[in-house]
Structures are given as structure tokens and as C-alpha cells.
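For reference, the structure is listed below as C-alpha cells.
Predicted model only: the values in this text are computed from it and were never measured. First the proteins, then the strands, lettered A, B, ... as listed; each starts at 1.
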Amino acid sequence: MGKFFTLENNNCNLTVKNIHCLSLDLTLDCGQSFRWQKNAAGHWCAVVSGTKDGKRIFKFGELSQDSNTGYITFYNCSVDEFYKFWVPYFDLERNYDAILDTYKASGDKSLNAATDKYYGIRITNQDPWETLCSFIISQNNNIPRIKGIIERLCETYGERVRLVPVVDENGLKYDKEFFTFPSAEDIAKLSEDDLAPIRAGFRNKYIIDAAQKVASGEIDLEKLKKLPLAEAEAELLKITGVGPKVAQCALLYGCGQIDAFPVDTWVKKIMEELYPNGLPECTTGTRGIAQQYLFHWRRNI
DNA sequence: TTCCAGGACCGGG
DNA sequence: CCCGGTCATGGA
């Protein structure tokens with residue numbers, strides 16, 4: 001414990017030094033999560049979920065990173081909360097540098113270009129239900145609208161957590177409410193009409209089917225963390241509106257399956273253009289990490 | 001106006 | 001099995 005970072009307590013904030021390979025700006029805005037937003041002070045803010053004794057618990061996260069030192073400050077955060085929420089969320093006990101070194105040793109040009117240019121991206125371990133639901137919403141959709149739909153879902157059916165001063169795209173300051181992500185149990189009770197206000201279109205019925213299968217226990221998301229990848233995917237494919245891509249996203253970002261490999265339109269292009277015979281051998285076991293770097297790299301050309 | 005967005009479903013061949 | 005059309009919505 002603590003091998004990959006050192007903690008420094010000041011008042012109720014916690015500053016974490018010497019975390020390797022973690023850029024908040026890259027990690028929190030690269031298409032793997034949709035709810036992080038900068039407040040008026042430039043700190044990243046979001047409500048994240050965890051589990052304690054089988055019950056959902058929440059933490060309002062407020063984080064900033066020093067541009068010179070790379071140190072990350074977690075505001076209003078105890079050491080206990082840091083280990084409970086943020087070590088798993090950012091996968092802080094995984095040796096990313098060692099993984100990226102094996103990519104480098106392979107000599108693969110594209111992988112090296114992507115990991116050099118965007119060094120600091122980590123795969124986050126998010127709440128499984130929020131991740132599944134978010135990526136159902138993501139299908140045939142664009143990122144700004146995905147964020148809008150998820151925001152309306154939380155505002156309508158989540159619980160109010162806190163008022164935060166933020167700045168809009170015109171530089172105008174205003175107070176914004178932050179909400180929890182509604183549980184599968186809460187959404188399972190709703191009808192398609194109830195979801196109309198979030199404007200997810202044809203995805204409404206998919207969201208409800210997923211919520212019902214999760215809430216009823218027909219699909220146990222916690223179990224998916226331990227199952228072999230293919231078996232875990234087969235479980236998720238039982239949901240109407242969940243195909244291979246959404247399933248792999250839910251497993252990668254929500255179930256700690258670091259070898260999951262979501263193939264969207266961008267990754268499909270990458271595979272056709274650069275890897276017609278498959279990803280290099282060095283990525284075996286960590287394909288999800290390679291995927292995220294290549295995805296971000298190709299999208300930003 | 002038309003096209004497209006971190007896809008999945010459905011029908012016909 | 002594989003292919004093209006279709007599905008809501010909204011911004012470019």
C-alpha cells in the first residue's frame with residue numbers, strides 16, 4: 001500500500017504526490033466518463049458511487065492537479081475516503097509505467113506515438129451500473145449529447161447532492177446542482193414515457209430493460225468483475241440494446257476488466273488501417289489500455 | 001436540407 | 001452468416 005504515491009494531509013484536503021501516469025485533464029475528458037465538470041475554480045467535480053455493506057454510497061469529488069508538480073489535491077477528503085473511493089477509481093495500485101514500457105519494448109510505432117503524446121490517461125474503475133447505462137446511451141450518439149442526456153437523467157431521477165459555482169462556455173458564472181446517478185432499482189420502476197424528458201430517443205427502452213434485469217438480479221454486475229471476459233460479455237448481451245461494443249465498455253470502465261476491447265467506429269478504423277492482423281502481442285492482458293490511447297490518438301488527428 | 005454521432009436490431013438474401 | 005435500412009435527437 002502506498003507504494004505508488006505519498007499522502008500529505010492539510011486541513012480537510014489531501015494532496016497526493018508522485019502518482020505516475022495520471023493526468024486529470026486527459027483521463028476525465030477522454031470519452032470514458034461523462035459527468036466530470038470543472039467548477040469556477042478550475043477543479044474537476046463529480047458525484048461518484050461506491051458500495052458499502054451492499055448499499056450504495058456516494059462521494060462528491062473535487063480534484064485539482066498542479067501543472068508543475070503533477071500533485072493532485074482531493075478537497076474535503078479523508079485518507080479513509082481516498083482509499084475507499086479514489087484508489088480504486090483511478091486504479092492507483094496498477095503499475096502503468098511498467099505496462100507502457102512493455103508496449104515501448106515491442107517497437108510498435110502507432111502504440112508508441114499514442115502513449116507518448118497522451119501519457120497520463122488511465123482507465124477508470126467506475127460504478128458498474130452507471131457505466132452500463134451511460135454506454136447504452138452512447139450508442140449512435142455524440143459525446144456532447146451523451147453528456148446532456150445523462151445530466152438530465154440525474155437531474156430528473158437522481159438525488160441532489162450539492163450546489164457548485166461553475167462557469168459556462170461564455171464565461172458566465174452560475175450555481176449548478178450536482179446529483180447522484182439514479183440506481184437501477186429506481187429506473188426499473190419507470191416507463192418509457194417517464195424517460196421522455198431526458199430525450200434519449202430509441203434508447204429509452206434499452207435503459208429500462210437494463211435496469212429491470214439488473215434490479216431483479218437476473219444480471220449481477222458485481223459478479224461480472226470476477227467472470228472470464230467472454231462469460232461476462234455473454235451476460236450483458238442478454239440486455240436488449242446491449243451489443244458487443246457497449247458490453248466491452250461496461251466491462252472495461254465499470255467492472256475492472258482491463259483486457260476488454262471496445263470496438264467503435266474509431267477503433268474499427270484503427271484496426272483496418274494499422275492492425276489488420278490484430279493488436280500486437282504486448283497488449284495481451286491490457287488491451288483496454290491500448291484501446292483508450294489509440295482511440296484518443298486517432299480521434300484527435 | 002442533409003449528414004453524422006464511442007451501435008444494435010431487424011429483415012431479406 | 002452477412003448485408004443495408006432503420007431507429008430519436010440535435011448540432012454542424
Side-chain angles (χ1 to χ4, degrees), chain A residues 26-36 110 114 118 121-156 168-170 181 187 190-214 219 232-255 257-275 279 287-301:
Chain A
L26 286 173
T27 299
L28 300 179
D29 191 25
C30 68
Q32 49 171 325
S33 57
F34 303 99
R35 298 220 293 148
W36 286 95
S110 309
Y118 295 110
I121 293 179
R122 274 179 179 252
I123 300 296
T124 53
N125 267 312
Q126 304 171 57
D127 174 67
W129 162 246
E130 173 172 346
T131 309
L132 172 61
C133 192
S134 297
F135 279 95
I136 287 173
I137 290 167
S138 80
Q139 68 179 258
N140 192 227
N141 213 339
N142 57 65
I143 290 180
R145 211 173 82 84
I146 296 164
K147 290 180 177 173
I149 292 170
I150 293 172
E151 187 172 26
R152 289 188 289 276
L153 177 65
C154 296
E155 285 171 357
T156 311
D168 71 8
E169 59 275 8
N170 300 317
F181 194 93
I187 295 180
L190 304 176
S191 68
E192 279 186 51
D193 286 344
D194 292 327
L195 285 182
I198 74 172
R199 304 202 293 279
F202 64 90
R203 306 167 191 84
N204 284 340
K205 54 181 175 293
Y206 300 163
I207 295 169
I208 289 174
D209 187 59
Q212 291 177 347
K213 287 191 166 73
V214 170
I219 296 176
E233 181 186 48
E235 285 294 301
L236 291 174
L237 293 182
K238 294 176 183 171
I239 300 167
T240 310
V242 174
K245 193 272 177 181
V246 170
Q248 294 290 310
C249 282
L251 293 168
L252 178 60
Y253 308 119
C255 297
Q257 296 267 12
I258 206 72
D259 200 34
F261 189 69
V263 179
D264 73 312
T265 52
W266 294 101
V267 176
K268 186 168 183 291
K269 283 181 200 171
I270 293 167
M271 297 309 286
E272 288 167 355
E273 294 166 359
L274 301 173
Y275 303 109
L279 281 181
R287 290 188 186 87
I289 296 174
Q291 178 269 155
Q292 193 64 28
Y293 276 94
L294 292 168
F295 167 77
H296 200 252
W297 177 65
R298 182 65 178 79
R299 252 191 101 207
N300 285 288
I301 285 178

Rounded to whole Å, how long is the line connecting atom [atom1] of [X] with atom [atom2] of [N]?
X: A:Q248; N: B:dG7; atom1: CD; atom2: C1'; value: 14 Å
X: A:I146; N: C:dG11; atom1: CD1; atom2: P; value: 14 Å
X: A:R203; N: C:dT6; atom1: CZ; atom2: C1'; value: 13 Å
X: A:E169; N: C:dG11; atom1: CD; atom2: P; value: 11 Å
X: A:I149; N: C:dC7; atom1: CD1; atom2: C1'; value: 13 Å
X: A:K205; N: B:dC9; atom1: NZ; atom2: P; value: 10 Å
X: A:R299; N: B:dA5; atom1: CZ; atom2: C1'; value: 10 Å
X: A:K245; N: B:dC9; atom1: NZ; atom2: P; value: 14 Å

Determine the Euclidean distance between corresponding [atom1] atoms of [M] and [N]; express it in Å to zero decimal places.
N: C:dA8; M: B:dG11; atom1: P; answer: 15 Å
N: C:dC2; M: B:dG6; atom1: C1'; answer: 23 Å
N: B:dC9; M: C:dG10; atom1: C1'; answer: 23 Å

Should the side chain of A:N140 and the base of C:dA8 be counted as holding a donor-acceptor pair, with the cut-off at 3.5 Å?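 Indeed there is one.
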So, the side chain of A:E233 versus the backbone of A:A260: is there a donor-acceptor pair under 3.5 Å, distance only?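 The answer is no, because no donor-acceptor pair under 3.5 Å joins these two groups.
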With distance as the sole test, does A:Q248 use its side chain to make a donor-acceptor pair with the main-chain N or O of A:F261 at under 3.5 Å?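 Yes; at least one donor-acceptor contact below 3.5 Å.
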Under the 5.5 Å and 30° test, is A:F295 stacked on the base of B:dG6?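 The ring of A:F295 is stacked on B:dG6.
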Closest to the A:R199 side chain, choosing from C:dA8, C:dT9, B:dG6: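 The answer is C:dT9, which lies nearest to the side chain.
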Kindly point out which of B:dA8, C:dG10, B:dG6 is positioned nearest to the side chain of A:V246?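 Closest of the options to the side chain of A:V246: B:dA8.
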Tell me, with the steps shown, if A:N141 and A:S138 meet side-chain hydrogen bond (donor to acceptor under 3.5 Å, both in side chains). CA-CA 5 Å; A:N141 213 339; A:S138 80; over 6 Å; no
Output yes when at least one side-chain N/O atom of A:R145 is less than 4.0 Å from OP1 or OP2 of C:dG11, else no.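 No.
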When all nucleic acid strands are considered with a 4.0 Å heavy-atom cut-off, which category describes [X]: base, sugar-phosphate, or nothing?
X: A:Y253; answer: base
X: A:G241; answer: sugar-phosphate
X: A:P144; answer: nothing
X: A:Q291; answer: base
X: A:Q292; answer: base

Identify the two heavy atoms, one from A:D29 and one from A:H296, that lie closest to each other, and give their separation to 0.1 Å.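 For A:D29 and A:H296, the tightest heavy-atom pair comes out as O-NE2, 4.3 Å.
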Please report the shortest heavy-atom distance between A:F181 and A:R35, naming the atom on each side.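 Looks like N-NH2, 3.5 Å.
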Starting at the 5' end of DNA chain B, which residue's closest nucleotide do you reach first, A:L237 or A:V267?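 Its nucleotide being nearer the 5' end, the pick is A:V267.
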Please report the C-alpha distance between A:K205 and A:D209 in whole Å, then the side-chain angles of each, then the deciding distance to 0.1 Å, and finally whether the salt bridge (Lys or Arg N to Asp or Glu O under 4.0 Å) criterion is met. CA-CA 6 Å; A:K205 54 181 175 293; A:D209 187 59; over 6 Å; no
